[in-house]
Structures are given as structure tokens and as C-alpha cells.
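To keep things clear, I will list the structure first and then write my remarks on it.
All heavy atoms count here, side chains included; hydrogens, waters and symmetry mates do not. For the single chain, residues carry numbers from 1 onward in sequence order. Given the structure is predicted, the values throughout are model-derived calculations rather than measurements.
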Amino acid sequence: MEINENNFERLANYLQQTLNPDPEVRRPAERFIESIEVSQNYPLLCLHLIDRPQVDMTIRVAAAIAFKNFIKRNWGFHLDNDGPNKVSESDRTGIKGLIVPMMLKSPAAIQKQLSDAVSIIGKYDFPTKWPELMDEMIEKFATGDFHIINGVLQTAHSLFKRYRYEFKSQELWEEIKYVLDKMAKPLTDLLQATLGLAEAHAGNKEALSVIYNSLVLVCKVFFSLNSQDLPEFFEDNMETWMKAFHGLLTVDVPCLKTDDDEDAGVLEHLRSQICENLCMYALKYDEEFSPYMPQFVTAVWELLVKSHIHTKYDALVSNALRFLSTVAERTHYRHLFEDPNVLASICEKVIIPNMDFRVSDEELFEDNPEEYIRRDIEGSDVETRRRAACDLVKSLLQKFEAKIVEIFGQYLQVLLAKYAENPATNWKAKDTAIYLVTSMASKGQTQKLGVTQTSELVPLPQFTQQQIIPELERADVNQLPVLKADALKFIMTFRTILGPQIIVATMPLVSKHLGAASVVVHTYAACAIDKILTMRGPDKQPIVTKEILSPLSAELIAGLFAAITVQGSNENEYIMKCIMRVLNTLQEASLPFMIVVLPRLTDILSTVAKNPSKPHFNHYLFETLSLSVKLVCKADPNAVSSFEEALFPVFQGILQQDVLEFMPYVFQMLSLFLEIREGKSNIPDTYLALFPCLLTPALWERPGNVTPLIRLLCAFVRQASAQISADDKLNGVLGVFQKMIASKNNDHEGFYLLQNLLLYYPAEELGRSMRQIFSLLFQRLSSSKTTKFVRSFIVFLCLYTARVGPQALIQMIESIQAQMFGMVVERVFIPDINKVSGELEQKIVSVGITKLLCECPEMLAEPYVLFWPQLLQTVVQIFELPPDESAIDGDNFIEIEDVPGYQAAYSQLNFAQSKPVDPLPDVGNVRQHLVQNLGKLAQANGGKVRTLIAALPADHQEALQKYCAQSGVQIA
């Protein structure tokens with residue numbers, strides 16, 4: 001792709017179309033850009049387009065985003081996926097030469113995208129393949145131009161941010177040391193110079209705004225560089241940094257205070273980051289930081305008391321509270337808090353005000369319920385005042401439980417009395433009371449079970465009966481919706497503690513709230529029902545059985561499908577998950593409702609397929625469809641044709657429109673349909689017409705498609721081998737096998753396909769390709785051996801032995817290279833058989849090796865007889881020892897689960913899973929199978945077999961004798 005005016009114009013035009021809300025315009029443009037991004041010069045074309053001031057800003061930003069996504073998907077693809085290098089060396093060099101200077105002079109919106117791209121490139125190339133980057137950045141500190149300096153700091157922040165969460169390793173230490181040697185002193189000098197400029201420009205709002213933005217970024221880079229360990233330079237210069245932090249927390253800068261109550265200003269951002277830095281030092285470097293602790297506790301305390309309830313202070317208040325929580329948890333700082341007056345002051349001036357339900361919370365509840373839910377019950381409210389106040393309560397409870405419960409007990413009575421005076425007006429007092437009880441009572445909790453440990457000083461059952469149940473019993477489900485949501489959340493949170501009796505009794509009250517107009521209330525009702533239906537008693541059985549649920553089922557299903565029609569809940573993942581859970585609990589009792597459920601689910605699928613936007617909702621939708629198919633077809637397998645009739649048109653649309661997000665799900669459901677048909681009816685022509693499309697190379701380029709497509713291909717192989725043969729499509733299938741085997745990520749999928757071909761495809765035709773298949777496997781074994789590949793290879797060789805015969809295996813391997821079978825036994829079987837894990841896989845291996853030992857005369861003759869006892873020893877070890885988990889020497893392969901970029905990753909549908917098939921059903925007890933065959937061999941070969949067995953270690957011989965005794969077999 002040449003860099004010329006014509007291509008600039010085309011690219012700009014298509015980027016413009018990707019911003020179009022109409023999917024008919026947007027999708028083709030996205031597909032076009034995806035198709036050209038593999039061309040050489042594409043990323044450079046994007047960069048030059050970004051750099052053109054005459055181009056419309058929205059297109060330049062779109063080009064910057066497209067460039068960043070290109071880098072994200074392709075820069076490290078060959079390293080992460082054992083695939084081809086998708087970026088040419090000339091493009092790599094060109095990008096690294098252009099990107100930093102361009103980023104530094106770009107407007108903020110573009111600078112952010114390019115900065116992210118630099119950090120992605122840095123993840124793979126920095127510092128070894130991009131050593132000049134640090135010097136190029138640091139020299140810009142001397143320019144005095146804060147637009148450039150801030151660009152450098154933003155890039156440094158993006159580049160070093162990963163130090164906050166990466167696992168410790170020698171490689172990481174060496175990189176951080178390299179960065180510290182280059183960056184620590186210039187960063188400290190920049191801090192001091194910037195503080196000097198702040199003093200010089202006191203009162204100049206415009207200058208201070210830029211200067212303080214630099215200080216925010218300096219503090220962020222400081223956090224990253226100190227995250228893994230306390231660097232020597234920063235320890236030596238701690239006085240400089242702590243003095244700066246203290247000054248910035250306490251100094252009054254009136255001109256930087258904003259009138260905006262919603263969005264935090266630069267002053268709030270800076271102080272919030274400083275509190276985060278202090279929190280890290282208090283947590284990780286307590287000993288070195290302790291001399292500074294008292295002054296910072298005072299400074300943070302005063303900051304909290306002065307901070308208003310406005311939203312713009314939320315992050316600052318949260319981080320300040322987290323700092324106090326961290327300090328309060330340390331026993332040696334107990335003296336700072338143990339005075340009852342101090343505790344009472346903390347409760348009154350800091351905790352209670354930050355637990356109150358504010359006007360901004362109310363607006364969020366009503367106007368943006370999705371965000372409210374995300375913050376409140378998904379645990380992403382880490383940054384909220386309430387969560388931080390709750391954490392401070394928990395920290396104080398660890399050391400002062402009785403005193404804190406006593407102080408808050410008094411507040412609790414006041415709040416509940418205020419609510420009782422006038423519920424309609426004072427409902428916020430009860431909201432705070434419920435949150436306060438939740439904070440005091442919770443000691444330990446898990447995602448799966450909710451709160452599992454509570455404070456003995458808080459009477460939860462009594463509070464539930466007196467304050468929570470009455471809220472749910474009100475006739476009007478729309479009255480005081482926030483308290484309704486609080487009550488439902490309380491039931492969810494303490495479900496394990498309250499016990500089955502109370503929880504089961506609340507089910508009708510909870511399900512009634514599915515009819516609430518408030519999105520938050522009916523979502524919490526659905527979420528509570530879902531969590532209650534997963535609860536199990538001490539006997540591991542569900543506490544809500546289908547018998548208990550059946551009387552409620554009609555109301556529940558009607559309520560759930562009514563709730564999903566409410567504006568704002570059309571793609572509500574909690575409701576869809578709850579529908580799935582209800583159907584799964586009811587099992588066959590759900591069948592009478594399917595006449596209503598299935599058309600509704602199909603309509604929803606048709607709608608969301610036009611523009612998929614909620615991945616979790618989509619997943620639960622396909623799970624619910626798969627579950628419905630299984631439930632109905634379990635009762636009547638012929639009903640599968642009705643599902644096909646209803647869903648095929650939608651599936652066809654998804655495949656034709658290339659809806660990436662849904663294709664892996666469609667392939668799984670098609671596999672499910674075929675597996676239901678297996679052995680009961682012939683494959684309809686609609687499936688056969690689809691088969692050639694499944695071999696299209698483009699489909700296999702998307703990592704998310706691979707596993708479900710392999711499963712679907714295998715379903716075709718099992719049921720339509722004759723048609724595949726008649727249409728001459730075996731070579732296409734073997735082409736897929738070849739692609740899979742070449743990939744370290746997907747080689748196991750190739751073996752699964754090969755196993756199905758071996759078991760179900762016409763042997764004669766497959767046999768003609770078998771030598772080529774073996775050659776490919778040996779090529780891969782010699783070029784890039786991994787533990788996973790070797791395991792799969794051993795299982796395949798043993799299955800081939802069990803199905804085709806041991807002599808056929810020897811002949812096949814010897815036809816590739818003389819004397820090669822002995823090498824396979826010596827270098828693959830004997831050292832690595834015990835790495836095979838999984839019940840079915842171990843069975844295949846034991847049966848295959850038993851056949852080699854007992855049905856192959858060559859194994860009792862030179863040169864292979866030498867290996868006979870060793871092979872028998874490995875089979876006994878399969879039965880007696882756990883699998884060998886060690887990796888093969890030189891195997892550095894790590895399985896990559898997250899696919900870079902936006903590509904739809906594979907998500908396994910739980911209710912569409914296939915059952916594992918035993919390829920050797922005739923063999924039941926593998927130990928008995930071994931000794932019976934050894935017995936027959938001994939009868940035919942007399943003392944030779946006994947002599948070979950006598951060469952085994954004593955404990956292996958004992959194990960064999962035990963199998964003989966259990967099976968009533970004697971090895972003569």
C-alpha cells in the first residue's frame with residue numbers, strides 16, 4: 001500500500017464511515033479497514049493522516065484509534081500466538097522513528113491514543129529493541145515547554161504503569177533498574193523545578209493549571225516506579241518527595257478551585273494521587289515511611305474534614321480514607337486512634353458523612369442505573385466514598401470492635417428514629433442505617449457465598465425481621481425504590497448468614513419486585529433470585545429445589561420477561577442470567593413455559609445480532625437458548641428440527657453479516673444440534689450446504705472461532721463422512737488439521753480433529769493421507785516440541801495402535817525413516833508417557849501400549865525387546881502414580897487466554913458442552929485388560945515374558961501381582 005494522496009483520501013473516507021451509527025454503513029467500512037491493515041505501510045499511512053492539520057479532527061482521532069488498535073492486535077502477535085509476524089520490519093522502524101515526536105506535538109485527544117500505542121510497543125520492544133526511547137524522552141524535560149513535558153510524562157506513565165501489577169521476575173527487575181538509572185534523578189529534578197515554578201507563578205491560574213497537571217503525572221510515574229520495591233534512589237531522597245507531597249496536600253491554591261461540583265479539577269486529581277502514593281508507602285514500606293506517618297495522618301484528616309460532599313471530591317476522599325484504613329490496620333499506630341474522642345470524631349466527621357446517600361447518588365440511581373449497579377453490587381465501587389468509608393469501619397473494627405459498635409449503635413438508633421418520624425421524607429436516614437449495619441456486620445465474604453463471617457455484636461436476624469422484610473412487604477413495589485434496592489441487596493449480601501429458612505421465605509417477596517419500574521430494583525431482584533438459586537445446604541444440595549420453585553415459576557418467568565421489556569433493561573445481563581438459572585432449576589418443569597420462552601428468546605437474539613454491545617448479556621442469552629434446546633430435546637429429540645427452523649434464519653444472518661461476537665456461539669449451537677441428531681437422524685441438507693463454508697481460511701484466522709469450529713467439523717466427520725468423501729472435501733479438512741498442528745496454541749485441536757477422522761472417516765481413503773499426516777507430526781516434533789504437543793502426540797500414537805494395530809504403527813513410522821520406531825519409543829514414549837493426564841487419555845495410552853507389548857511380535861525381538869520392560873513399567877506408573885506435571889526441557893510455551901485486540905475470544909457455553917466420548921468402549925477395567933493380555937502372551941511365549949517382567953523394579957512387580965489377583969489371572 002503506497003503512501004499517496006489517493007490512499008489518504010480512501011482511508012479518511014472509510015474511517016469516516018466507521019463512525020456511522022448505521023451498521024449497514026459501519027460494518028463494511030470496519031471490514032475493509034481490517035482487510036487492509038495487513039498491508040505494508042498501512043500503519044505509516046495512519047500516522048501521516050493523523051499528522052495532517054488540514055484533515056477534520058474527528059477523522060484524525062479515528063485514525064489514531066485505528067492505529068492504536070492495529071498496534072494492539074499485531075505488534076506482539078507473533079510472540080503471543082506463535083503465529084506470523086504481522087508487522088514488517090520497515091513499518092516497525094518507521095513507526096518507532098515517527099511516533100514520539102508526533103505524539104509530543106499532537107492535540108490531547110490524539111496524544112492519549114499515541115501514548116497508549118507507545119506503551120504497547122514498549123511492552124514488547126522496550127528497552128532491548130528500543131533503547132533510544134528513554135534518552136529521547138528525558139532530553140525533552142529540558143525544553144521547558146510543558147505541553148511537550150506533559151506528553152513525555154503521559155508516555156512514561158503509560159509505559160511504566162504495568163510495573164504496578166506485573167509479577168516479579170529477573171527480567172522485570174533488570175528493566176526497572178534500567179529505567180530508574182535513567183529516570184529517577186531527572187524525575188526528582190523535574191519535581192523540584194516544577195514546584196519552584198508553581199511558587200513563581202502563584203496566582204496565575206493558566207500557568208498553575210499546566211504546572212499542576214505536570215505534577216499529577218510526576219506523581220503517577222512515581223507510583224509506578226515504586227510499586228515493585230522501594231528503589232534506593234527514592235529511599236535516599238524520601239525527604240525531598242515527602243516534603244513535596246505534604247506541601248501539596250496542605251497548600252491553599254484558591255485560583256485552582258473550580259465551581260464545577262461534578263468533575264474533579266487538577267488540584268483534586270493531584271491530592272488524590274498523592275494519597276494513593278502515601279497509601280502504597282504505608283502498606284509496603286512501613287518501616288522507612290514511619291517517621292512521616294503522624295504528619296500525613298493529620299494532613300489527610302484535615303483534608304477529609306474540609307472536603308465537601310460534591311462528586312468532584314469522590315476519588316480524593318476515597319484515597320484519603322484508604323490511607324487512614326491502611327494506617328488503622330497497623331498495630332503500632334493504634335495509639336493514633338485509641339482515644340474514644342478520636343474514634344467518635346472519626347465516626348461523626350468522616351465515616352457517617354461519607355456513607356450518606358447524596359443527591360448525585362440519587363441522580364445516578366434514576367438516570368444511569370447501569371452505572372449505579374456497576375458501582376454498587378459489582379464491586380467496582382472501589383473508588384466510591386461509601387466503599388472507602390466501609391473499609392475504614394472494617395479496619396477500625398479489627399482493633400476497636402466493641403467501642404466502634406457502641407458508637408455506631410447510637411447513630412443507628414438516631415437514624416432509624418429519624419426515618420420512623422417521616423419515612424417519605426427521611427428515607428435517606430434508613431439507607432445510611434442499612435449501609436452502616438452492612439459495614440459493621442461484614443467480616444469476611446466471597447463472591448460465591450456473600451458474607452460468610454459477621455460480628456457477633458450486630459444482631460443480623462433481628463435487624464432483618466424488623467427493618468428489611470417490612471420494606472419488601474410493602475404492597476407498592478415502586479414506593480421508596482432506593483430502600484427497596486437496599487433491602488434486596490441486604491438479602492443478597494447476607495444470604496449465607498441468614499440461612500435457608502429466612503431466604504426461602506423471602507423468595508415470593510423478592511420475585512414480586514421484578515415488576516418494579518426502577519431498573520435498579522428489578523435488576524437487584526433478578527440478581528438476588530439468581531444468587532439464591534445457586535445456594536446449597538450442608539448436604540451440597542440446592543436449598544431451592546424445583547419442587548419449591550414450581551409454584552412461583554409462572555410469576556417468575558412472566559416477571560422476568562416483563563422486566564426485560566422495560567426501557568433501560570432490554571439487554572440486562574442480570575435478568576437474562578436469572579432466566580437461565582430459573583429454567584435450569586425447574587428442569588423438565590419448565591417445559592410448559594417453553595411455548596412463550598423460546599419465541600421471546602429468538603426475538604431478542606434477532607434484535608441484538610444487529611448491533612451486539614453487551615458481551616455478558618449475549619453470553620447468557622446463548623446459554624439460555626442452549627439450555628432450552630437441551631431441556632426440550634431431552635424430552636423429545638425430534639424437537640431439534642423446530643429449533644433449527646426457528647434459529648437457522650437468525651444464524652444465517654449472523655454468519656452472512658460476519659457478526660464476529662456471535663460466530664463462536666453459533667458454531668457451538670450448531671454443534672449441539674448435530675450432536676442431538678447423532679445416531680437418530682440424517683444430517684439435513686442445510687447443514688451439508690454450510691460445510692464448505694466452514695473450511696474458508698478467513699474463519700480460522702480468528703482465534704475465537706477455532707475451538708467451536710473444530711467441534712463442529714468433528715460433528716460433521718462423525719455423521720457425514722460419506723458426504724465429505726463424495727464431495728472430495730477431505731483435503732480441506734486435512735488443511736485445517738495442518739494449520740492447527742503448526743500452532744502451539746491450537747495443536748490440541750488438530751489432534752482432536754485427527755482422532756475423529758481416525759475413528760469415523762472411511763479408513764481406506766484416510767489411509768492414503770496417513771503417511772503425510774505422520775510426516776507433519778514428526779516435523780512439528782523436531783521443530784518446536786512442547787509438553788502439550790508431546791502429550792497429545794503420545795495419545796494419538798496409542799489410539800492409532802489400538803484402532804489400526806501395533807504393527808501398522810511400526811510400519812507407518814518405519815516408512816518415514818528406517819529405525820525411527822525405536823527412537824520414538826526411546827525418546828518419546830518412555831520419558832514422557834507419564835506426562836499424559838486425564839482419565840480418557842490415560843486409558844487410550846494404557847490400551848495402546850498393552851497392544852504394543854502383547855500383540856506385536858516385533859516387540860519381543862531385537863532391537864525392540866530392550867524397551868519391553870521399560871514400556872510395561874510406564875503403564876504400571878500410569879495406574880499407580882499421579883501424572884508427571886514437569887515441562888519438557890526448553891518448553892517456554894505459556895498458553896495465551898486473552899487474545900490481543902478487539903477480536904471475539906472463545907467463550908465456552910456451559911449448557912452447549914459436548915460429552916466426552918470414549919473411543920475404546922470395549923475396554924472396561926484397564927488393569928484387568930493389561931494382565932489378561934500379558935497372561936495370553938505368557939502362554940504363547942513361556943519363560944521369555946516372565947524373564948522380561950522380572951526385570952521390572954520390585955514395586956512394579958507387586959502392582960502387577962495385585963492386578964492379577966484382582967482379575968483372577970495368572971501370568972504362566
Task: Y752 ring center near F737 ring center (under 6.0 Å) - done: no

Task: Min side-chain heavy-atom separation N705-L660 under 4.5 Å - done: no

TODO: Starting at OG of S725, measure out to CD of E764 and round the result to the nearest 0.5 Å.
DONE: 10.0 Å

TODO: State whether F789 and R780 meet the cation-pi test: NZ (Lys) or CZ (Arg) under 6.0 Å from the six-membered ring centroid, and within 45° of the perpendicular axis.
DONE: yes

TODO: May I ask you to check whether F829 and F867 place their ring centers less than 6.0 Å from one another?
DONE: no

- [ ] Look at the side chain of K788 and the backbone N and O of K744, then say whether any donor-acceptor pair between them is shorter than 3.5 Å.
- [x] yes

TODO: Would you name the heavy atoms of W868 and L853 that are closest together and state the gap between them?
DONE: NE1-O, 3.0 Å

Task: Any side-chain heavy-atom pair of L688 and D727 under 4.5 Å - done: no

- [ ] Could you check whether the rings of F796 and F751 sit parallel, tilted or perpendicular, using 30° and 60° as the cut-offs?
- [x] tilted

Open item on the list: Checking E880 against H956 for the side chain to side chain donor-acceptor pair (under 3.5 Å) test, could you report, in this order, the C-alpha distance in whole Å, the side-chain angles of both residues, the deciding distance, and whether it holds?
Closed with: CA-CA 9 Å; E880 298 298 323; H956 290 67; over 6 Å; no

TODO: For residues Y665 and F651, establish whether the separation of their ring centroids is below 6.0 Å.
DONE: no

Open item on the list: Is it true that, when you exclude D636 itself, more than 12 heavy atoms of the residues, nucleotides or ligands shown sit nearer than 6.0 Å to its CG?
Closed with: yes

Task: E749-T707 side chain donor-acceptor pair, cut-off 3.5 Å - done: yes

Open item on the list: Less than 4.0 angstrom from a charged side-chain N to a carboxylate O is my criterion; do D918 and K843 meet it?
Closed with: yes

- [ ] Examine distances only and state if a side-chain atom of S743 and a backbone atom of M740 form a donor-acceptor pair shorter than 3.5 Å.
- [x] no

- [ ] Return yes if a side-chain donor-acceptor contact under 3.5 Å exists between Y687 and E644, otherwise no.
- [x] yes

Task: E675 with K915: basic N within carboxylate O range, under 4.0 Å - done: no

Task: R791 bridged to E841 by N-O distance under 4.0 Å - done: no

TODO: Please indicate whether K630 has more than 12 foreign heavy atoms, meaning atoms of other residues, nucleotides or ligands, lying under 6.0 Å from its NZ.
DONE: yes

Task: Aromatic centroids of Y620 and F911 separated by under 6.0 Å - done: no

